[in-house]
Undergrad: 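The structure is given below, and queries will be raised subsequently.
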Amino acid sequence: MQFMKIDPNVIQELIAQARKDAPEETCGYLLGKDDEVTENYWMENIDHSSEHFSFAPKDQFAALRYARKNGLKILANWHSHPASPSRPSQEDLRLANDPTIRYAILSLYEGVHLNSFGIRDNQVVDKEIHYSEDEKK
C-alpha cells in the first residue's frame, strides 16, 4: 500500500466540510495522480447520521466520470468522525473492501486530526498522519 500526500488546501477543504456538516458525518473521495491528492470530491452522506455514512450511488458514478475525464484516480475514500477519534470503527473496517485505495478519517474530536489507513481483510495494515491539531484548552 502506497502512502499519499494531501495538498494542504485540500486538507483545509475537508476540515471546513466536516465542520459544516457536523454533527453528521460527511464523506467523499480524494482524487489525484500517483500518490498525491489534489482534489476532494464531496459526496452526500445519504444516511444523514452522526455515526455512519453511505455514499449516494449517483455521486459515486459522477465522481468516477469526473476522475476519468480529468486524468485522476481515486486515491482514498474519506469521511469524518464528528465526535470520535480518527481511527476506523468496526463498521469502517467491515466496509473497507477496496485494497487499492486508502481510507482517510477526519476527526473533530478533541481537536482536528486527519489520518489515512491501509485496510486489508478488515484489519488496519498501516496508518499515516496527515494533519493534527489538538484542542486548545
Undergrad: Just wondering, do Gln12 and Tyr131 contact through their side chains at under 4.5 Å, heavy atoms?
TA: yes
Undergrad: Does the Asn70 side chain pair with the main chain of Leu72, one donor and one acceptor, at a distance under 3.5 Å?
TA: no
Undergrad: Rounded to the nearest 0.5 Å, what separates atom CG in Asp59 from atom CH2 in Trp42?
TA: 6.5 Å
Undergrad: Any non-hydrogen side-chain atom of His81 less than 4.5 Å from a side-chain atom of Asp92?
TA: yes
Undergrad: If we ignore hydrogens and angles and just use 3.5 Å, is the side chain of Ser107 paired with the main-chain N or O of Ser84 as donor and acceptor?
TA: yes
Undergrad: Could you check whether any side-chain N or O of Ser80 sits under 3.5 Å from a backbone N or O of Leu106, counting only pairs where one atom can act as donor and the other as acceptor?
TA: no
Undergrad: Is the shortest side-chain heavy-atom distance between Phe53 and Asn77 below 4.5 Å?
TA: yes
Undergrad: Is Tyr66 reachable from Ile101 through a run of hydrophobic residues whose side-chain heavy atoms are each under 4.5 Å from the next?
TA: yes
Undergrad: Do Asp126 and Arg102 have side chains that approach each other closer than 4.5 Å (heavy atoms only, starting at C-beta)?
TA: yes
Undergrad: Is a side-chain N or O of Asn45 found less than 3.5 angstrom from the main chain of His52, in a donor-acceptor match?
TA: yes
Undergrad: Could you report the tightest heavy-atom contact between Met43 and Ala63, atom names first, then the distance?
TA: SD-CB, 4.5 Å
Undergrad: So, for His113 and Ser132, which heavy atoms are closest and what is the spacing to 0.1 Å?
TA: ND1-OG, 2.8 Å
Undergrad: Can you hop from Val37 to Phe3 via hydrophobic side chains spaced under 4.5 Å?
TA: no
Undergrad: If Ile, Leu, Val, Met, Phe, Trp and Tyr residues are connected whenever their side-chain heavy atoms lie under 4.5 Å apart, and connections chain through other members, are Ile11 and Leu108 in the same group?
TA: yes
Undergrad: To the nearest 0.5 angstrom, please state how far the OH atom of Tyr29 sits from the CG atom of Leu31.
TA: 9.5 Å
Undergrad: With a 4.5 Å limit on heavy-atom distance, are the side chains of Glu25 and Asp47 in contact?
TA: no
Undergrad: Where is the tightest heavy-atom contact between Pro88 and Val124, given as atom of each residue plus distance?
TA: CG-CG2, 3.8 Å
Undergrad: Are side-chain heavy atoms of Leu30 and Ile74 found at a separation under 4.5 Å?
TA: no
Undergrad: To the nearest 0.5 Å, how far apart are CD in Glu44 and CD in Glu24?
TA: 9.0 Å
Undergrad: Should Trp78 and Leu114 be regarded as members of a common hydrophobic cluster, given that ILVMFWY residues are connected when their side-chain heavy atoms come within less than 4.5 Å of each other, either directly or indirectly?
TA: yes
Undergrad: Answer whether the closest heavy-atom distance between the side chains of His130 and Met4 falls below 4.5 Å.
TA: yes
Undergrad: How long is the gap from CG on Asn9 to CD1 on Ile6, to the nearest 0.5 Å?
TA: 12.5 Å
Undergrad: Return the minimal non-hydrogen interatomic distance between Arg94 and Asn122, and the atom names on each side.
TA: CA-OD1, 3.6 Å
Undergrad: Using side-chain heavy atoms (C-beta onward) and a distance below 4.5 Å, is Ile15 in contact with Arg19?
TA: yes
Undergrad: Identify the two heavy atoms, one from Thr38 and one from Gly32, that lie closest to each other, and give their separation to 0.1 Å.
TA: OG1-CA, 3.7 Å
Undergrad: Sub-3.5 Å donor-acceptor pair from the side chain of Asn40 to the main-chain atoms of Leu14, do we have one?
TA: no
Undergrad: Starting from the C-alpha separation in whole Å, work towards a yes-or-no answer on side-chain contact (heavy atoms from CB on, under 4.5 Å) for Ile105 and His79.
TA: CA-CA 5 Å; Ile105 299 172; His79 70 282; 3.6 Å; yes
Undergrad: Kindly indicate, with the supporting measurements, whether the criterion side-chain contact (heavy atoms from CB on, under 4.5 Å) is fulfilled by Asp35 and Leu75.
TA: CA-CA 7 Å; Asp35 62 349; Leu75 300 178; 5.8 Å; no
Undergrad: At their closest point, which heavy atom of Pro82 faces which heavy atom of Pro23, and how far apart are they?
TA: CG-O, 3.4 Å
Undergrad: Within this structure, what is the CD-OG distance for the pair Gln60 and Ser54, rounded to the nearest 0.5 Å?
TA: 9.0 Å
Undergrad: Please lay out, stage by stage, how Tyr41 and Glu39 fare under the test side-chain hydrogen bond (donor to acceptor under 3.5 Å, both in side chains).
TA: CA-CA 6 Å; Tyr41 195 99; Glu39 294 188 43; over 6 Å; no
Undergrad: Does the Tyr103 side chain pair with the main chain of Asp98, one donor and one acceptor, at a distance under 3.5 Å?
TA: yes
